[in-house]
Every structure is written in C-alpha cells, then in structure tokens.
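These numbers come from the heavy atoms of this one structure, side chains and all, not from hydrogens, waters or symmetry mates. Counting starts at 1 for both ligands and their atoms, following the listed order. These numbers come from a predicted model, not from an experiment.
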Amino acid sequence: MRLSACAIALVLSTLASQVCCARSVVIRGISKEDEALYQPDANGNWACLGHPEIVLSLSKINDDFCDCPDGSDEPGTSACPKGKFYCLNKGHIPGVLPASRVNDGVCDYDICCNGSDEWAGIVKCENKCKEIAVEYNKKQAELKRIQVAGWNARSKLVTKAALQRASLEKDIRQIDAQLESANARVTKATETLKLAEVNASSRVSKKGSPVLERAKQRIKEYQDGVQILEKHISKLEARLNTAEDILTRLKDEYNPNYNDEGVKSAVKAFNEYRSNLASEEDIEEYFKLLDGKDDEEFFAEEAIDVDPDVVEYDSYLPLEWRIWIHDTKTQLREFLITHGLLADRSTHGETAGVSQAKKDLDHATKIASDLEIRQGNVLQQLNTNYGPDDVFRALSDECISSESGEYTYVLCFNDKTEQKSSKGGITSLGGFDRLQDDKLYFLKGTKCWNGPHRSTVVEMQCGDKNEILTVSEPAMCEYLFKIITPALCVSPEDSKQPAKDEL
Ligand code: MAN
C-alpha cells in the first residue's frame, strides 16, 4: 500500500486537530452530518461504524490503511474497496464517490464538481461546481417544463380515454339489448320453422302422395263406369222381366192340343232358359259386394300400407306432441341420411311457408351472430389493459415514425410496429400484444428468414409528445424502440424537485 506524502500530511493534520480540539474532528471524505459518528470515546478511540467490535485509535482514520471491513475508517482515501468519499460540492448537489476513484488521477466532475476527490495533487481539479450547477439547473428546468407539459398532455389523454371507455360501455349496453331481442327473434323463428315443418308434413298427409291421388282418380272413373253399367243392366232387366212375363204367360196359357210347332219349340226353349238362371246369382253377389264399400275407408286402409306419413294421426295430438314427433322423425331421418340409408330429399318439395321460415331464421341468426362478434370485440377493447387511468386507450389511433438508415420505423400504439424500406415494401415487426411494466410488446410480425417471427419491445419514458428516440435490433429480428410519451408522465408534485441553487 502506498503512503503518499499527502496522506501522511492528512494523518498529521488529524492528529493535530485531536490535540488542539478534541471535540470537533474534521475528517476528509465525510459529510457534516456524519462528523458526529467519528467522535472519539473517552480514551481517544473510535469503533468501525458497521463493526463496533473493532475499536481503533482515532489516528487510524484516513491513514491509507483499511482496518474496517465496511471501509468506514478510510472515507477520504482509496484504501478500502468498500469505502465511500463524500464531496460537499458547495453550490451544487453533494455527491458520494466510490473510494477507488479518489486520487486516481481523474477529475470525477460528474460526482465531485468541486474536484475534492483529487486532493493528493496527482492531477489538478478546479472547482467547477458553479458552471456545472448552472447547466444542471437549466436541465432540471427543462425537465420540469417537460414534466408539466407532459402531465398536462397526459391529463388530456386521460379525459379522452374516459370518453372512449364511456362510449364503449354505451355500445356494449346497446349491443346487449339488441342481442337479447335478436336471440328472442332466433328462438321465435326457430319455433315458427318447426311449426311450418309440422304443418307442411300434416298437409302432405291430407293431400297424400301423387301416385295415390292418381289411383284414386282412376278408381273413381271405374266406379262411375260401373254405375252407368248398373243403370243399363237395370233397364235390360226390366225389359227381360217383361219378355219373361210374356213367355211365362205363353207357357202357361198355350193349348198343347194344337199342333203348333212354333209355339211348342218356344215354350221348350223358355223352360231351358229358366233352368240356367243360377249363374246370374253370382253377378248379383258381386254388385252386393261393391254397394256396401265406402271409398274413403278403403283408401285410409290402403294408405297405411303405402306410406305412414300420409296418416293424419298427429292432427289429433296436442301441438307439443306434434312438435316432439316431428323432431324425433327429423332426427331419425337425419341419422338415416348421414348413414347413407336414406336419400337426402330435404330441400325438395319444400313448402313456401317452410322456405320463408328458414329464410327468416337464417336472417335472425345472422343478425344475432354479427351482434355477438361486435359484442366480443367491444368487450375485448374494454378489458384490455391500457395502464393507469386507461391512458394508453387514448393513443389507439396514434402512429409515430422515425427514419433510421434504409428503414422508416413505424409505431401505431395498441396496433402494430412496422419497418418500411426505402426500396419499397413493409415488414411487420409485430401486432400489439400487451402493455406491461411501462413497456409495449408487439409480437408475431413477419417471419424472419430462418428465424423467429419479428417482435418489438417499446421502452417508454415521460415526454411532452409522442416521439421515437431510437430504434435498434439487439438480436436478429427483435427490435427495441425507445420512445417518449406523455402517457408515462407523473404529476410534477409527485416527482422529485430539481436541486436548489445553493450558489
Ligand atoms: C431485413 C430486415 C432486418 C432483419 C433482416 C433479417 O433485412 O428486416 O431488420 O435483420 O431482414 O433477415
């Protein structure tokens, strides 16, 4: 350890001061307030500040040899690694320098504007506190101006953000109400469609199938023909009866004693005719059969075999049952269609009522789903973290840019970051992801060649306007924007006051 002439001088001066004025020790490198900590005890000893068990003679202070592990015995030299040198900096703000920089041949004006850190004379450090303080105070005044302007600008942003939030909340109330009635319309349209489908299937039942209708018509024609034949037969029967009466009289009243061959053969033929009458009874039986048959009854019975759909059993059931039956039939039909067991004829032969009900339902469903999408977007907007007082919400439509070499970098708050090449083309550096710890994060930009998707971190500090200060690319395709924005300003009352001009 070197012991400079000046250090020796310091020790001597310390000792001298002990001799002459035991109660007012002046020790290099400590503040006036800390002087009390360096008072000797009754025996002229002193204990390390952080280690009271280590008791030293006062002469060991600033003797350029480190005795205290916390460096408290060497505040004015560079002997202790942990030592701290206090600069009074009269006229400016006091500073505390790491002891290692004491007497290192460098004027540490950033901390010791009075040059007191270089007391050994290795280098001459003039006291520059006056001019440094002027400069510092100028900067502080500018900072203060920025703080005030930034805070005022921020207040405007907060007002704007509150209006935006209120407008979104109004939107969500309206959408909620609209969605409620839209959903009610969907429910109603669904019921209307079901009813229309149920009615349509009932109508099919009443009408029957086209084939059956044609069969009915044809049978009716046959029945009409049979009726005409029946009338004709009746007339012929009447004439036959008359002829039979005549012949019966002839048979009963002719005189067999007259040898009239014509009459004899007529009576013989009539007797033969009478003996053949049994076959006519069959025909009568047939007509009897037809007469007793009811057509509607006949077709109803037939219909059961033709198609269960045409049976009108459901028209006797309560509406809910009819709907249930319809739904069950629909589900079964869908199942059969899905499994290829039934041809899909759902769109064929649809009634106008069903088509209209379907259109109405589609329309109502579209309105409801559009509203749901809008509701989702507005809710997402409302629930996004835009920082204290919602302040960043007000910057949503704000973009700022900065040129750097070949590129112009663009930041659109809450939206995206971009890299525009002067040769043309825009590369996305990310979409807005979040605000976290006073930083904005933009992710999933254009994929980097053979690398990750581009992303951006935006570091912010208070400013009186929105401005990009620097853009860098610390790692390939990972961008760092440093910006100022009023959004990050705090109330001037809450922030530290600049140093007072003590000159
Ligand atoms: C472009 C720019 C650069 C990026 C490279 C990666 O040149 O987007 O910022 O580093 O692509 O290939």
Asker: Between Cys112 and Cys107, is the SG-SG gap under 2.5 Å?
Answerer: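 No, the SG atoms are not under 2.5 Å apart.
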Asker: Quick one: are the Cys113 and Cys87 sulfurs under 2.5 Å apart?
Answerer: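 Cysteines Cys113 and Cys87 do not qualify as a disulfide pair, their SG atoms being 2.5 Å or more apart.
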Asker: Do Arg393's NZ or CZ and the ring of Tyr386 fall within the cation-pi criteria of under 6.0 Å and 45°?
Answerer: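 The answer is no; the distance or angle limit is not met.
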Asker: Thinking salt bridges, do Arg145 and Asp464 make one under a 4.0 Å N-O criterion?
Answerer: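 Salt bridge flag = yes for Asp464 with Arg145.
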Asker: Evaluate the side-chain proximity of Arg165 to Leu382: yes if any heavy-atom separation is below 4.5 Å, no if none is.
Answerer: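 Yes, side chains in contact.
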Asker: List the closest protein heavy-atom neighbour of atom 3 (C) of ligand 1: residue, atom name, distance to the nearest 0.1 Å.
Answerer: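 Sorting protein heavy atoms by distance from atom 3 (C) of ligand 1 puts Tyr479 OH, 3.6 Å first.
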Asker: Which ligand 1 atoms, with their elements, are less than 4.0 angstrom from a heavy-atom of Arg454?
Answerer: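 Atoms satisfying the 4.0 Å criterion: 1 (C), 2 (C), 4 (C), 5 (C), 6 (C), 8 (O), 11 (O).
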Asker: Only heavy atoms of Met476, strictly under 4.0 Å: list the atoms of ligand 1 that pass.
Answerer: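 Result: 6 (C), 10 (O).
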Asker: Of all the non-hydrogen atoms in the protein, which one sits nearest to atom 7 (O) of ligand 1, and at what distance?
Answerer: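 The protein heavy atom lying closest is Tyr407 OH, 3.2 Å.
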Asker: What protein heavy atom is closest to atom 10 (O) of ligand 1, reported as residue, atom name and distance in Å?
Answerer: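 Protein heavy atom at minimum distance: Glu473 OE2, 2.6 Å.
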Asker: For atom 2 (C) of ligand 1, which protein heavy atom lies nearest, and how many Å away is it?
Answerer: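 Result for atom 2 (C) of ligand 1: Gln419 OE1, 3.3 Å.
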